[in-house]
Amino acid sequence: MRPYTADATAWQESWDRQQEAYLPDREERFAALLDTVDAVTGGWAPKILDLAGGTGSISLRALRRFPTATTTVLDVDPVLQHIARASLDGRSAVVTADLRGPEWTAALPHREYDAVLTATALHWIDADRLAALYREIRDVLRPGGVFVNADHMPDDGLPGLNEKRHARSEARRAALYAAGAVLSWEDWWAHVAKDPTLGPLTADRAKVFANRHSTEWNPPVSWHVDTLRTAGYSEVGLVWRGGPDAAVAAVR
């Protein structure tokens with residue numbers, strides 16, 4: 001086993017800054033997710049599944065807000081998982097599973113969760129598989145538990161405005177990169193490759209993602225609401241919106 005990086009906190013901050021270039025309101029969406037958890041659990045000992053959780057960004061914030069919580073970070077990226085394991089304590093488990101097939105549920109340490117949370121992750125999954133995944137997520141929630149997905153979910157009624165907002169966001173991000181204010185996605189991974197602990201894991205990462213397509217799929221929010229209702233959730237609706245992004249919640 002390779003040793004954990006001694007700079008987990010620094011890597012978490014580096015990841016946060018890189019992500020915030022794409023998502024300036026990233027903390028707001030995290031807060032909306034955790035507000036929803038608080039609403040269904042009263043904040044006492046929530047059991048949270050951090051789906052496609054990467055470095056454990058959601059789990060770290062959840063454990064700060066709910067000290068009695070436990071979380072499961074599920075992901076397939078060995079580099080991001082390594083940072084998560086180095087950052088989280090015994091209240092969290094980090095498991096490896098691929099969401100492209102239904103077998104992912106077998107990796108979970110718990111049968112039921114109070115909440116399943118995910119942010120800016122599921123847009124890499126195509127329509128048919130995401131619809132199936134929504135049904136599978138329902139099955140790992142306790143009755144009354146909640147699933148919240150925050151992602152790129154444009155408003156159906158604002159196609160022109162969404163396009164203009166996207167263009168402005170692209171320009172803002174390009175200016176940040178040009179000024180050296182923040183690392184781009186590509187530059188962040190270049191730093192990872194040079195790290196003595198994380199660098200060797202990039203070869204493992206390349207194998208994991210070798211046969212995966214890299215096409216994003218960003219349907220309007222109405223698709224998510226309709227698909228979640230069809231999946232059998234009792235209540236479905238928005239708990240947050242920020243420009244072309246939204247968080248849709250579904251109660252089992």
Side-chain angles (χ1 to χ4, degrees), residues 8-75 77 80-81 83-89 91-94 99 113-125 134 137 141 145-155 165 169 172-173 176 182-183 185 188 216 218 221 224 228 236-251:
T9 301
W11 279 108
Q12 288 287 354
E13 183 172 349
S14 177
W15 175 257
D16 284 346
R17 300 293 85 77
Q18 179 262 126
Q19 287 287 290
E20 286 167 359
Y22 292 92
L23 309 166
D25 48 15
R26 185 166 175 256
E27 294 301 328
E28 292 179 19
R29 74 188 64 201
F30 286 153
L33 268 61
L34 299 182
D35 286 345
T36 306
V37 174
D38 188 50
V40 299
T41 66
W44 178 252
K47 190 179 298 180
I48 298 169
L49 173 55
D50 185 353
L51 197 67
T55 65
S57 298
I58 291 174
S59 288
L60 286 167
R61 288 158 177 80
L63 293 169
R64 284 199 294 267
R65 178 159 174 178
F66 310 120
T68 57
T70 56
T71 74
T72 301
V73 181
L74 184 147
D75 206 281
D77 189 315
L80 302 186
Q81 285 183 305
I83 297 172
R85 289 191 177 97
S87 305
L88 294 162
D89 59 26
R91 294 172 292 172
S92 297
V94 180
L99 294 176
Y113 289 84
D114 297 301
V116 177
L117 308 178
T118 186
T120 327
L122 302 188
H123 55 268
W124 300 109
I125 299 176
Y134 279 175
I137 290 169
L141 283 169
V146 67
F147 166 54
V148 192
N149 178 16
D151 212 332
H152 311 311
M153 300 179 186
D155 188 306
R165 291 187 64 147
S169 294
R172 173 185 174 278
R173 187 162 60 253
L176 291 173
V182 68
L183 295 175
W185 174 264
W188 191 85
E216 292 188 46
N218 300 307
V221 70
H224 294 276
L228 287 163
V236 180
L238 294 188
V239 292
W240 175 83
R241 173 166 285 290
D245 287 13
V248 62
V251 179

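When a residue number appears, it is its place in the shown sequence, counting from 1.
Rounded to the nearest 0.5 Å, atoms CG (N149) and CG (L51) are 8.5 Å apart. Taking CG of L183 as the reference point, atom CD of Q19 lies at 12.0 Å (rounded to 0.5 Å). Separation of atoms CG (L33) and CH2 (W240) is listed at 9.5 Å; rounding is to 0.5 Å. Annotation: the span from H123 atom NE2 to E216 atom CD amounts to 4.0 Å, rounded to 0.5 Å. A distance of 4.5 Å separates CG in D16 from CZ in R26, rounded to the nearest 0.5 Å. Atom-to-atom distance recorded for L122:CG and N218:CG is 11.0 Å, nearest 0.5 angstrom.
Using a 4.5 Å heavy-atom threshold, the side chains of H224 and D151 count as separate. Residues P24 and R172 meet the side-chain proximity criterion, which asks for heavy atoms closer than 4.5 Å. In this structure, the side chains of L34 and L117 come closer than 4.5 Å at one or more pairs of heavy atoms. The shortest distance between side-chain heavy atoms of L23 and E28 does not fall below 4.5 Å. A 4.5 Å side-chain heavy-atom check between V248 and V236 finds at least one atom pair inside the cut-off. You'll find the side chain of F30 reaches within 4.5 Å of the side chain of I58, heavy atoms only. The closest side-chain heavy-atom distance from T71 to R91 is not below 4.5 Å. Side-chain atoms of F147 and L141, non-hydrogen and from C-beta on, do get closer than 4.5 Å to each other.
The two residues A84 and V94 have their closest heavy-atom pair at CB-CG2, 4.2 Å. For the pair V146 and A249, the tightest heavy-atom approach, listed with the atom from each and the gap, is CG2-CB, 4.2 Å. V182 and R17 get closest at one heavy-atom pair: CG2-O, 3.1 Å. The shortest heavy-atom contact between D50 and S59 is OD2-OG, 2.9 Å. The two residues Y113 and I48 come nearest to each other via the heavy atoms CD2-C, 3.6 Å. In this structure, L63 and S92 approach most closely via the heavy-atom pair CD1-OG, 3.3 Å.
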Q: Would you please test I83 and Q12 for side-chain contact (heavy atoms from CB on, under 4.5 Å) and show each step?
A: CA-CA 7 Å; I83 297 172; Q12 288 287 354; 3.6 Å; yes
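Side-chain atoms of S57 do not come within 3.5 Å of backbone N or O of G53 as any donor-acceptor pair. Judged by distance alone, with hydrogens and angles left aside, the side-chain atoms of R64 form no donor-acceptor pair with the main-chain N or O of F66 at under 3.5 Å. Put simply, the side chain of D75 gets close to the backbone of G54: a donor and an acceptor are under 3.5 Å apart.
Under the 30°/60° scheme for interplanar angles, the aromatic rings of W188 and W15 are found to stand perpendicular.
With respect to R165 and D155, no salt bridge is recorded, no charged nitrogen being found less than 4.0 Å from a carboxylate O. Salt-bridge formation is detected for the pair D35/R65: a Lys NZ or Arg NE/NH1/NH2 atom is positioned less than 4.0 Å from an Asp or Glu carboxylate oxygen.
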